[in-house]
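Heads up: the structure comes next, in structure tokens.
Computed from a predicted model, the values in this text were never measured in an experiment. Below, chains carry the letters A, B, ... as their sequence lines are ordered, and counting in each starts from 1.
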Amino acid sequence: MKTIGLYLITGFLGAGKTTLINHFLEAHPSSRVGVVVNEFGQENIDAELLRQDTEITINEINNGSIFCCCRMADFQEALVRLSSLDLDTVIVEATGLADPSNLSDIFDAVNSETGGAYAYKGGYCLADATHFLRMYKALPVMERQVACSNCIIINKCDLAEAETVQKTREAIFTLNPDALIWESSYGRIELPDSLYDVQAPAPSHNAPGSRPRTDIIPLDHALTWAEANELIENIAKSAFRAKGFATIGGQRHYIDIVDGSHRMEPFPFPGADKIVLLMTK
Amino acid sequence: MTGKERVINTLRHEPCDAIPWIPFAGVHAGKLAGYDAREVLTDSDKLIEALGEVYKLYQPDGMPVLFDLQIEAEILGCKLLWADKAPASVASHPSEDKTIPNIIPTGEDGRLPLVLTALNALKPTIGQDTALFGLICGPFTLASHLRGNELFMDMFDDPDFVGKLMRYTTRVVNAMADIYIDGGFDVIAIVDPLVSQISPDHFNEFFAGSFTEVFTHIREANVPSAFFVCGNATRNIEAMCKTAPDAIFVDENVDMAAAKTITDTYDIVIGGNIPLTSIMLHGTQQDNMKYVVDLIDALGRRNLCIAPGCDMPYDIPPENTIAVQQAVRETDSVREMIRNYEAPSDDTAVKIPDYASLSKPLIEVFTLDSATCAACTYMLGAAVQCRDSFGDKVDLTEYKFTEKESIARVRKMGVKHLPSIYINGELKFSSIIPNHKELCEAVEAYLK
């Protein structure tokens with residue numbers, strides 16, 4: 001049975017959700033797409049993208065978050081309705097204040113009703129580099145949006161100080177060490193194709209037994225370059241994906257290991273050194 | 001004890017004979033009377049008729065007259081976007097440019113005449129034994145209606161403006177409370193969904209003062225008050241308690257048992273929190289009954305009201321709400337019903353009549369319990385009245401879900417909803433009670 005790819009886009013107001021959707025539509029011009037829009041935004045889906053060979057069906061749900069008990073039934077109904085159309089993809093743009101913690105219940109209910117119409121492609125959270133740090137502690141929903149996502153896009157990096165961007169990255173990493181983090185600037189959120197397929201597991205209840213297993217390697221001392229290289233080599237043998245921080249050669253570094261290759265960059269801000277193994281072999 | 005007394009006594013911590021049941025039938029009331037959301041929120045005659053259906057079917061101890069958080073916003077200049085099955089949503093924000101309106105509502109403004117007309121019609125009838133709740137949009141959510149989501153940025157960028165805006169919305173809410181108290185509402189509920197969106201520190205910094213002022217204002221008028229919140233407000237429950245409402249109503253996102261340990265500390269009643277979608281809308285009657293029985297068993301009987309988690313979705317099957325009501329009223333009996341329903345059963349002893357060979361049409365009324373469930377009483381009453389008009393030409397029997405054999409029969413026949421009327425084994429009426437003419441016409445069709 002053909003399934004419809006389901007994407008969930010969250011993020012506080014103005015963080016760039018609609019921009020991301022517009023980019024997706026631009027990058028996939030022949031895709032048949034349904035969009036569930038959960039808020040009045042000042043920006044709308046770019047009408048120029050409604051080309052002859054692009055079919056977009058838009059459902060609006062207003063007056064409350066689609067995850068809130070008051071509108072959840074409307075959201076489920078919209079997904080069931082869209083499942084009967086010949087679509088490749090459904091994108092859900094949640095309201096800025098949406099708490100997607102109960103997505104698993106909704107996903108299960110919809111797939112139960114539709115015989116498994118949807119395959120979850122991933123949750124994408126937009127974080128505005130200019131104000132994420134000062135707002136997320138005041139608005140618990142922003143933490144939950146990050147925690148429930150597979151890919152976090154730190155947007156507007158050109159408008160924020162480099163230190164702010166780095167600290168935003170670290171805050172996001174603390175909230176969700178499993179997520180991929182992408183940075184974008186100048187209003188262009190151009191994710192590579194691979195990031196539109198983060199191979200997200202179906203949304204699961206946030207119970208310890210159901211979360212992907214992670215292991216943490218605490219680093220309580222600085223490493224020499226030789227020690228760091230050995231560590232990275234050993235990690236690469238046991239994990240498809242790992243990331244974290246280490247002090248090497250007297251300087252703190254951010255390390256990102258993906259399927260045998262790694263990326264390292266200076267990270268000149270204090271914090272706890274550790275490597276988190278995200279997907280072990 | 002009347003339902004009204006039950007509600008007031010519970011909120012005042014005075015002796016009470018039972019847990020109050022308060023269905024939040026806003027737009028859902030329209031469904032019961034055949035009206036869409038906009039009709040029931042804008043037409044007083046239709047609203048009154050719809051609320052009569054709520055009273056008849058659900059036998060509430062308390063009920064809102066109107067569940068619409070946009071009434072105040074509309075008066076203050078917000079444009080609304082209407083929907084068929086949901087309240088309107090705010091589509092514009094007059095304080096987008098940080099202008100604060102100077103309107104203070106009176107009973108003549110906006111849709112307030114509609115609310116007060118309905119209240120006046122209901123007070124001498126339903127209002128004699130049912131507590132009528134006047135719902136007011138809380139000052140924080142009202143501020144966001146005026147300012148839009150920029151309000152959250154203002155908390156960081158311009159806290160003085162937030163203070164000014166909140167002082168204005170607090171005045172508006174107090175004015176609304178005065179209108180509703182003078183009108184004769186029994187309970188004033190302040191409904192503020194956005195409270196669940198912010199941290200306790202920010203609630204205390206920007207909003208706690210407003211809510212405290214509002215609840216003090218209502219208390220000085222000697223009227224009970226309630227604080228309704230939507231969403232995961234768990235971390236703010238204690239801060240809400242400190243604003244001193246008489247009750248706090250929460251939805252399914254809050255662990256009510258955990259929250260009650262806090263509200264009990266402040267001797268505040270807690271209400272809720274039947275899930276609207278998974279249980280009330282999509283669940284079976286048994287699911288609804290079980291949820292309520294489990295909730296009551298977990299929470300005890302003191303300082304508690306049973307209610308849906310929020311404004312009931314339009315399309316909730318009436319039979320589910322009937323089941324909830326039965327579970328609140330007859331908890332022990334319903335606990336037994338569920339036990340019997342869930343137990344493996346042998347239905348071989350259940351004999352389904354050979355309907356085609358019957359000499360007379362057979363009316364079978366399936367009920368939860370016609371002795372205690374009001375909707376069931378009406379359904380059976382309608383069937384009895386119809387049978388009597390046909391004399392001995394028609395047979396009638398009732399099967400009560402309190403009886404094990406009837407549970408087995410319900411299963412064997414595939415009866416989905418209670419109460420319902422079958423004629424010669426065919427479902428004819430479910431939950432909504434037919435009038436005499438409708439039912440007799442249905443029976444006539446089976447007379448040879």
Side-chain angles (χ1 to χ4, degrees), chain A residues 11-15 17 37-42 59-80 95-102 104-110 112-113 128 130-145 148 206, chain B residues 24 26 67 69-70 80-81 83 85-93 96 144 148-153 155-157 193-194 196-203 205-206 230-236 250-253 272-278 280-282 308-316:
Chain A
F12 196 59
L13 76 156
K17 298 188 289 295
V37 177
N38 182 215
E39 65 181 343
F40 282 118
Q42 306 233 328
N59 274 231
E60 272 190 38
I61 298 173
N62 297 310
N63 205 10
S65 162
I66 50 178
F67 298 102
C68 184
C69 60
C70 316
R71 297 274 77 81
M72 200 192 306
D74 296 337
F75 179 34
Q76 283 183 211
E77 196 181 317
L79 289 179
V80 169
T95 183
L97 296 175
D99 174 358
S101 305
N102 60 354
S104 58
D105 292 333
I106 296 168
F107 186 80
D108 288 347
V110 169
S112 174
E113 192 170 338
D128 186 329
T130 62
H131 60 242
F132 180 85
L133 280 177
R134 63 190 179 128
M135 297 198 73
Y136 82 99
K137 287 196 188 296
L139 297 175
V141 69
M142 290 173 75
E143 284 189 6
R144 293 198 275 268
Q145 289 173 359
C148 293
N206 193 17
Chain B
F24 297 148
F67 203 132
L69 302 190
Q70 282 64 237
L80 302 186
L81 183 69
K85 293 187 176 183
S89 48
V90 166
S92 69
H93 307 293
E96 224 162 19
S144 82
N149 283 337
E150 286 298 320
L151 181 67
F152 293 92
M153 304 301 293
M155 283 162 53
F156 299 88
D157 297 336
L194 285 189
S196 63
Q197 302 299 314
I198 54 168
S199 70
D201 285 345
H202 282 77
F203 176 81
E205 182 180 347
F206 288 103
C230 200
N232 189 352
T234 303
R235 64 183 81 192
N236 286 340
V250 297
D251 74 11
E252 66 211 66
N253 290 288
N273 73 342
I274 307 167
L276 300 181
T277 302
S278 59
M280 292 198 84
L281 181 63
H282 292 314
C310 195
D311 184 22
M312 291 162 64
Y314 184 87
D315 278 325
I316 283 181

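- Annotation: maximal heavy-atom pairing with chain B below 4.5 Å, among A/Arg144, A/Glu113, A/Met142, occurs at A/Arg144.
- Proximity of B/Lys85 to A/Glu77: side-chain heavy atoms (C-beta onward) are nowhere separated by under 4.5 Å.
- Neither the backbone nor the side chain of B/Leu69 comes within contact range of chain A; no heavy atom of the residue lies under 4.5 Å from a heavy atom of that chain.
- Between atom CZ of residue B/Phe152 and atom CE of residue A/Met135 there is a gap of 8.0 Å, rounded to the nearest 0.5 Å.
- Between chain B and the residues A/Lys137, A/Arg134, A/Gln76, the largest count of heavy-atom pairs under 4.5 Å involves A/Arg134.
- Residue B/Glu205 does not touch chain A at all, counting heavy-atom pairs closer than 4.5 Å.
- Both the backbone and the side chain of B/Gln197 have a heavy atom closer than 4.5 Å to some heavy atom of chain A.
- Only the side chain of B/Leu281 comes within less than 4.5 Å of a heavy atom of chain A; its backbone N, CA, C and O stay farther away.
- Neither the backbone nor the side chain of B/Phe203 comes within contact range of chain A; no heavy atom of the residue lies under 4.5 Å from a heavy atom of that chain.
- No part of B/Asp311 comes within reach of chain A, as not one of its non-hydrogen atoms sits under 4.5 angstrom from that chain.
- Looking at B/Asp315, neither its backbone nor its side chain comes within 4.5 Å of chain A, counting heavy atoms on both sides.
- Neither the backbone nor the side chain of A/Ala109 has a heavy atom closer than 4.5 Å to any heavy atom of chain B.
- B/Thr277 places none of its side-chain heavy atoms less than 4.5 Å from the side chain of A/Ile106.
- Closest approach of A/Pro140 and B/Ser199 over heavy atoms only: CD-N, 3.7 Å.
- Top candidate by heavy-atom pairs under 4.5 Å with chain A, chosen from B/Met153, B/Glu150, B/Met155, is B/Met153.
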